[in-house]
Amino acid sequence: MPSSSVPTCLRWVGDAAGHLELLDQTLLPTRLEWIECHDVDAVVEAIKSLRVRGAPAIGIAGAYGLAVAAGEAARSGLEADAARAHVLARAEELACARPTAVNLRWAVERAVATLEPLAADAPAAGLGATLLAEARAIHEEDRRLCAAIGRHGAAILPAGNILTHCNTGALATGGDGTALAVVTTAWEQGRRFEVFADETRPLFQGARLTAWELVHRGIPVTVLVDAAAGHLLKTGRIAACIVGADRITANGDTANKIGTYALAVLAAAHGVPFFVAAPSSTFDLALASGDEIPIEERAAAEVLAPLGVPAAPEGAKAFNPAFDVTPARLIRAIITERGVIEPVTQEGIATVLQK
Ligand code: MRU
């Protein structure tokens, strides 16, 4: 449990023959319900429909999903070869469930790599035990990374109110969060401020999830429609903007929830520092710039009928990219578990990530 009042968003129940439980984030903030994933189809569905979401959290879910895959193989009585082939096929389905957050493929590939040293005749149960151990390690590591990001970020966060976008807290990670951990760490250190949370259309992660986490932690939060951010920044009431990331390329370009780029442009226009907080697993150094990041396009219904309520006439089309890319030049610093990258340059990124 990352804090006394915000539940963890995912947990494994039982031994290697057990199952994954996910807090169904599509129901928050009104209902707190867990879903049981006994097969990979359920894990993939949960990732695609954002029952579990946030770059680090979907990586952890993907890694646990491999243990679920080994459980499927064991229950079907597959021989060693077939069990391994089954797990590898399921791994690819999990890694492809969402395209933008690199943490998903990173975690799945890391878990798959643990199978390589195992004997070719290792039974499904053996694969499952190894995969579960690795998923647990990734989960526990993420909890520690979040704490380190919180500490590094709190040390450089300017005094005053904070504006954030989407959800980057306990609901998005295996610990207390990335950008939101910076905020909550600063608060726990005794700093006092107000958090402004963009509602984050079309799926309202800011209003439904970030505000929920902050209310539970007793941190004052004010929700605004995304379009109010420019006006708010103009009033001078915001000392810093801080967001998470789904993929950061070698030059520091950062993919994050749609609306992040607009917020960064507005922050620059008003001289407000714009920070990104993310673990090293969110960096994709194989990509030279943000132009190469695949951007997930989601269903039109999310825009045309937000929260299930029709808001546009039948016949209208929707433009619904789930993420955008903020160029490195608009980012004051990137806060990682290994330290702060400031200024954001290719050399600075390489230096901090090597630590
Ligand atoms: O579509 P979502 O809700 O998965 O998008 C999440 C974000 O964009 C977060 O800001 C990002 O994953 C960082 S989470 C620590």
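Small disclaimer: the values here were computed from a predicted structure and weren't measured. Nothing fancy with the numbering, it's 1 onward along the sequence. Whatever order the structure lists ligands and atoms in, that order sets their numbers, starting from 1.
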Could you list each N/O atom of ligand 1 together with any protein N/O atom closer than 3.5 Å, one pair per line with the distance?
residue  : atom   : partner : partner atom : Å
ligand 1 : 1 (O)  : Arg98   : NH1          : 3.3
ligand 1 : 1 (O)  : Arg98   : NH2          : 2.8
ligand 1 : 1 (O)  : Lys257  : NZ           : 2.7
ligand 1 : 3 (O)  : Arg53   : NE           : 2.6
ligand 1 : 3 (O)  : Arg53   : NH2          : 3.4
ligand 1 : 3 (O)  : Gln205  : NE2          : 2.9
ligand 1 : 4 (O)  : Gly54   : N            : 3.0
ligand 1 : 4 (O)  : Arg98   : NH1          : 2.8
ligand 1 : 8 (O)  : Asp246  : OD1          : 2.9
ligand 1 : 8 (O)  : Asn256  : OD1          : 3.2
ligand 1 : 8 (O)  : Lys257  : N            : 3.2
ligand 1 : 10 (O) : Asn256  : OD1          : 2.7
ligand 1 : 12 (O) : Ala55   : N            : 2.9
ligand 1 : 12 (O) : Asp246  : OD1          : 3.2
ligand 1 : 12 (O) : Asp246  : OD2          : 3.0

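No more than 12 heavy atoms of other residues, nucleotides or ligands sit less than 6.0 Å from atom OH of Tyr261.
Judged by distance alone, with hydrogens and angles left aside, the side-chain atoms of Lys48 form no donor-acceptor pair with the main-chain N or O of Arg98 at under 3.5 Å.
Judged as a ring pair (Phe, Tyr, Trp, His ring centres under 6.0 Å), and not counting sequence neighbours, the contacts of His38 are His19.
Of the options Thr8, Leu10, Leu209, a side-chain contact (heavy atoms from CB on, under 4.5 Å) to Leu171 is made by Leu209 and by none of the others.
For Arg136 and Glu141, the salt-bridge test fails: no basic side-chain N is under 4.0 Å from an acidic carboxylate O. For the pair Arg84 and Asp121, the salt-bridge criterion is not met [side-chain N within less than 4.0 Å of a carboxylate O].
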